[in-house]
Amino acid sequence: MTTASTVTEYLENVVPLWEVLKGLIPKEPAKLVQPYRWNGKEIIARLRQVAKEIQVGENVERRVLVPVNPGLKVVGLYAATHTIYVGFQIVLPGEVAGAHRHTPFAARFMIEGKGSTVVDGMKVDFEESDYVVTPRWSWHDHTNEGSMPAIWLDVLDIPIPRMLHATFFEDYPQEIQPVTLASSLNVRPKVAPSVWQKGETPAFIFKGREVIQVLKEMSKQGTDDPFDGIALTYVNPHTGGDVSSTLGTSISLLKPGMKTRAHRHTMSVVNYVVRGRGFAIIDGRPFPWDQHDILVVPPWTWHEYSNEGNEEAILLAITDAPMLQRLGLYREEVHPESFQAR
Ligand code: GTQ
């Protein structure tokens, strides 16, 4: 048999295509990412302990515990999926997480307490269930002026600039930035500070209270999506588009007893359970979930959700749909049996 080593024995760094084509272009996506669930309560409990032992400072840029997909360990990628990074961050009252900037895009969903982040001079205060978007390459530092620890979920597209060899990072010359922009500017959907820079919009925030209120109103009207329950997508108020060029975010409500239909898509999904408990079936495997848990749906993997509790369940969903759509690589498929199952 002819092997790569004989055909190209004397040619360094050359392969015969016919021996590698099936691996290069498989019939369906070859996936490293595994379906997985992390126990959020456990991670948060550990984070609280760690906060007593480890100070934020020069050697600890950010105090964050990072869910790592077991399938990505082999490639040394510390992220939940091949495109989406999430992390549980804690900032204690009076603490400062110093200013820096990086090409990965970031957003933060507050789990508990109150915090502030200054993004390119704009101070954004955020509290439980608020979602703050920090565009790429914008200076940001975090503080906690409250009396309780602030715990939030960081969402970054770290793997994407990494894959594209476009990762840059820079420390701000001082520990924190001066506040130069009124924070109220970023919550009005129709006006933006006239300082669009670097092709990115300023920071913006979604108030959890308002978003959850809309979900509840929709739930009364019965406008359910068969795959996502009652779902809302976060929209960049300055552009009307996705929250970033790579990652999108939506939030959905599942009524008690509600069960979604199975489907699959090329986007991967990281869910954060805002409240409630339920059950997911991902790739035929059962994944019970509870408040604060993180769930991963790998690309092109059948999945469905059900609410097993007596209360409404609310799930935040981070996806890489905006990137796949921009690249013309978004696909989805409904499971053939998912309609008969009802
Ligand atoms: O808060 O700036 O979870 O730079 C990872 C990298 C948080 C942050 C993370 C970061 C940050």
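Computed from a prediction, not measured in an experiment: that's the story for all the values here. Just so you know, ligand 1 is whichever comes first in the structure, and atom 1 is the first atom listed for that ligand.
- The aromatic ring centres of W38 and Y36 sit less than 6.0 Å apart.
- The atoms of ligand 1 that sit less than 4.0 Å from any heavy atom of H140 are 2 (O), 8 (C).
- Contact check on K259 versus E304 returns a salt bridge, with a Lys/Arg side-chain nitrogen under 4.0 Å from an Asp/Glu carboxylate oxygen.
- Classification of the W152-F126 ring pair by plane angle, with boundaries at 30° and 60°, yields tilted.
- Atom 7 (C) of ligand 1 has its closest protein heavy atom at D154 OD2, 3.3 Å.
- The closest approach between any non-hydrogen atom of F169 and ligand 1 is not below 4.0 Å.
- One side chain, T201 or N236, offers a donor N or O that lies under 3.5 Å from an acceptor on the other.
- When non-hydrogen atoms are compared, ligand 1 lies under 4.0 Å from neither the backbone nor the side chain of E61.
- When only modelled atom types and interatomic distance are considered, D141 and W139 share no side-chain donor-acceptor pair under 3.5 Å.
- The aromatic rings of Y272 and F88 sit perpendicular, their planes meeting at an angle over 60°, well past the 30° parallel limit.
- Relative orientation of the F206 and F204 rings is perpendicular, given thresholds of 30° and 60° on the angle between their planes.
- At the top of the distance list for atom 8 (C) of ligand 1, counting protein heavy atoms only, stands R62 NE, 2.9 Å.
- Aromatic ring orientation, H303 versus H263: tilted (interplanar angle from 30° to 60°).
- Atoms of ligand 1 found under 4.0 Å from any heavy atom of V64 (numbered from 1 in listed order, with element): 3 (O).
- Interface atoms of ligand 1 facing Q89, defined by a heavy-atom separation under 4.0 Å, are 1 (O), 7 (C).
- Regarding atom 6 (C) of ligand 1, its nearest protein heavy-atom neighbour is L156 CD2, 4.0 Å.
- Looking at H102, R101, R63, it is H102 that brings a heavy atom closest to atom 4 (O) of ligand 1.
- Heavy-atom contacts of H142 reach the following atoms of ligand 1: 1 (O), 2 (O), 8 (C) (cutoff under 4.0 Å).
- The protein non-hydrogen atom at the shortest distance from atom 5 (C) of ligand 1 is Y85 OH, 3.4 Å.
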